[in-house]
Amino acid sequence: MKKVFALIAFASFLSTASFAQTANLNITLSDVLSFSVSQPSSLDVNFDTEEKYTNGITALATDHVSVVSSRGYVVKAVAGTVTGTASIAPGTVKITSTVGATNNGNTTGITYNSAVTLPATGGTAATVISAANTSWSGANSTNKFNISYLIGAGGAYAGKTTGLNVVPVVYTVTQQ
């Protein structure tokens with residue numbers, strides 16, 4: 001009988017014992033960077049009044065640029081090859097950035113540049129937006145930006161040959 005009690009006591013002791021082991025989680029953090037320029041892919045403006053030739057035309061593209069970045073970033077712009085009959089200079093286009101209409105990303109540390117002159121191809125790209133922090137706001141990873149184009153202000157197109165002209169705007173984004 002003593003052996004049975006000793007065996008039960010020993011078995012009870014074994015069933016209450018606990019053991020610990022460690023599992024290592026190997027976590028690699030990599031940079032994430034993507035961006036897009038959304039519709040409209042072209043903005044059509046028509047210089048058909050004295051006021052437009054004098055003051056220029058402002059064309060707003062809502063939520064035009066979207067950025068996802070795991071750290072700070074800079075968005076820059078430069079003109080592509082300008083085509084058309086009027087020999088329009090890229091410097092006659094000025095870009096202003098603001099927070100997008102549907103932005104839910106992190107806006108802390110963002111600098112929105114205003115009236116940035118669009119440089120010609122081969123020139124130094126102009127900074128349109130700079131962000132000191134990630135685009136993540138917790139639940140949302142994307143920053144969206146409105147871009148306003150002021151085109152041909154100050155009579156820049158007066159006296160030019162009429163017809164269709166295209167000024168491509170090339171955006172780039174890099175991480176800081």
Side-chain angles (χ1 to χ4, degrees), residues 31-84 86 88-121 123-157 160 162-176:
D31 286 330
V32 173
L33 177 64
S34 67
F35 89 113
S36 63
V37 178
S38 66
Q39 296 298 326
S41 59
S42 67
L43 295 170
D44 299 324
V45 296
N46 186 7
F47 283 80
D48 58 358
T49 67
E50 177 187 348
E51 180 183 356
K52 290 177 182 176
Y53 271 99
T54 301
N55 299 326
I57 298 173
T58 299
L60 176 64
T62 305
D63 293 335
H64 196 46
V65 174
S66 298
V67 179
V68 175
S69 181
S70 57
R71 57 188 171 124
Y73 57 91
V74 176
V75 177
K76 294 186 176 197
V78 67
T81 302
V82 178
T83 59
I88 292 175
T92 60
V93 176
K94 298 196 183 303
I95 299 173
T96 297
S97 60
T98 58
V99 66
T102 63
N103 181 67
N104 290 317
N106 179 21
T107 57
T108 304
I110 294 178
T111 301
Y112 305 96
N113 291 331
S114 180
V116 174
T117 300
L118 185 63
T121 300
T124 302
T127 300
V128 179
I129 303 159
S130 59
N133 301 307
T134 177
S135 62
W136 266 269
S137 66
N140 192 303
S141 62
T142 305
N143 279 131
K144 294 183 180 181
F145 301 99
N146 297 337
I147 302 294
S148 177
Y149 298 93
L150 174 57
I151 304 161
Y157 300 157
K160 297 278 187 183
T162 59
L164 179 63
N165 298 276
V166 178
V167 179
V169 181
V170 180
Y171 288 95
T172 57
V173 64
T174 55
Q175 286 183 319
Q176 293 190 33

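Given the structure is predicted, the values throughout are model-derived calculations rather than measurements.
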Original post:
Going by heavy atoms in the side chains, are S97 and N146 under 4.5 Å from each other?
Top reply: no

Original post:
Rounded to the nearest 0.5 Å, how far apart are OG1 of T98 and CD1 of I147?
Top reply: 7.0 Å

Original post:
H64 and Y171: side-chain donor and acceptor closer than 3.5 Å?
Top reply: no

**OP:** Report the C-alpha separation of T108 and I110 in whole Å, then their side-chain angles, then the decisive distance to 0.1 Å, and conclude whether the side chain to side chain contact (heavy atoms under 4.5 Å, CB included) test is met.
**Re:** CA-CA 6 Å; T108 304; I110 294 178; over 6 Å; no

**OP:** May I ask you to decide if T96's main-chain N or O and S148's side chain share a donor-acceptor pair within less than 3.5 Å?
**Re:** no

Original post:
Closest approach of A79 and V167, non-hydrogen atoms and distance?
Top reply: CB-CG1, 4.4 Å

**OP:** List for me each residue that meets side-chain contact (heavy atoms from CB on, under 4.5 Å) alongside L150, sequence neighbours excluded, and say none if there are none.
**Re:** T58, K94, A153

**OP:** With the side chain counted from C-beta on, respond yes when F145 and V99 share a heavy-atom pair under 4.5 Å apart, and no when they do not.
**Re:** no

Original post:
For the atom pair CD1 (I88) and NZ (K160), what is the distance rounded to the nearest 0.5 Å?
Top reply: 7.5 Å

Subject >> Minimum-distance pair of heavy atoms, taken over all atoms of Q175 and S69 >> reply: NE2-OG, 3.0 Å

Original post:
For the residue pair A59 and I151, what are the closest heavy atoms and their distance?
Top reply: CB-CD1, 4.4 Å

Original post:
Would you say T127's side chain and I129's backbone share a donor-acceptor pair under 3.5 angstrom?
Top reply: no

Subject >> Selection residues 131-156 - residue pairs positive for salt bridge (charged side-chain N to carboxylate O under 4.0 Å, His left out), sequence neighbours left out >> reply: none

**OP:** Could you walk me through whether V37 and F35 pass side chain to side chain contact (heavy atoms under 4.5 Å, CB included), step by step?
**Re:** CA-CA 7 Å; V37 178; F35 89 113; 4.2 Å; yes

Original post:
Which pairs count as side-chain hydrogen bond (donor to acceptor under 3.5 Å, both in side chains) when at least one residue sits in residues 128-143, sequence neighbours excluded?
Top reply: Y73-N143, N103-N143

**OP:** Could you give me the CA-CA distance, side-chain angles and deciding distance for T162 and Y157, then say whether side chain to side chain contact (heavy atoms under 4.5 Å, CB included) is met?
**Re:** CA-CA 9 Å; T162 59; Y157 300 157; over 6 Å; no

Original post:
Under 3.5 Å, is there a donor-acceptor pair between the side chain of T92 and the main chain of G152?
Top reply: no

**OP:** Measure from the side-chain N and O atoms of N113 to the backbone N and O of T111, and report whether any donor-acceptor pair falls under 3.5 Å.
**Re:** no

Original post:
Any side-chain heavy atom of N165 within less than 4.5 Å of one from T83?
Top reply: no

**OP:** Identify the heavy atoms of A61 and Y149 that sit nearest to each other, and give their distance.
**Re:** CB-CE1, 4.5 Å

**OP:** Locate the shortest heavy-atom distance separating V78 from G123; write the atom from each residue and the value.
**Re:** CG2-O, 4.3 Å

Subject >> Least distance between heavy atoms, D63 atom then A101 atom >> reply: OD1-N, 2.8 Å

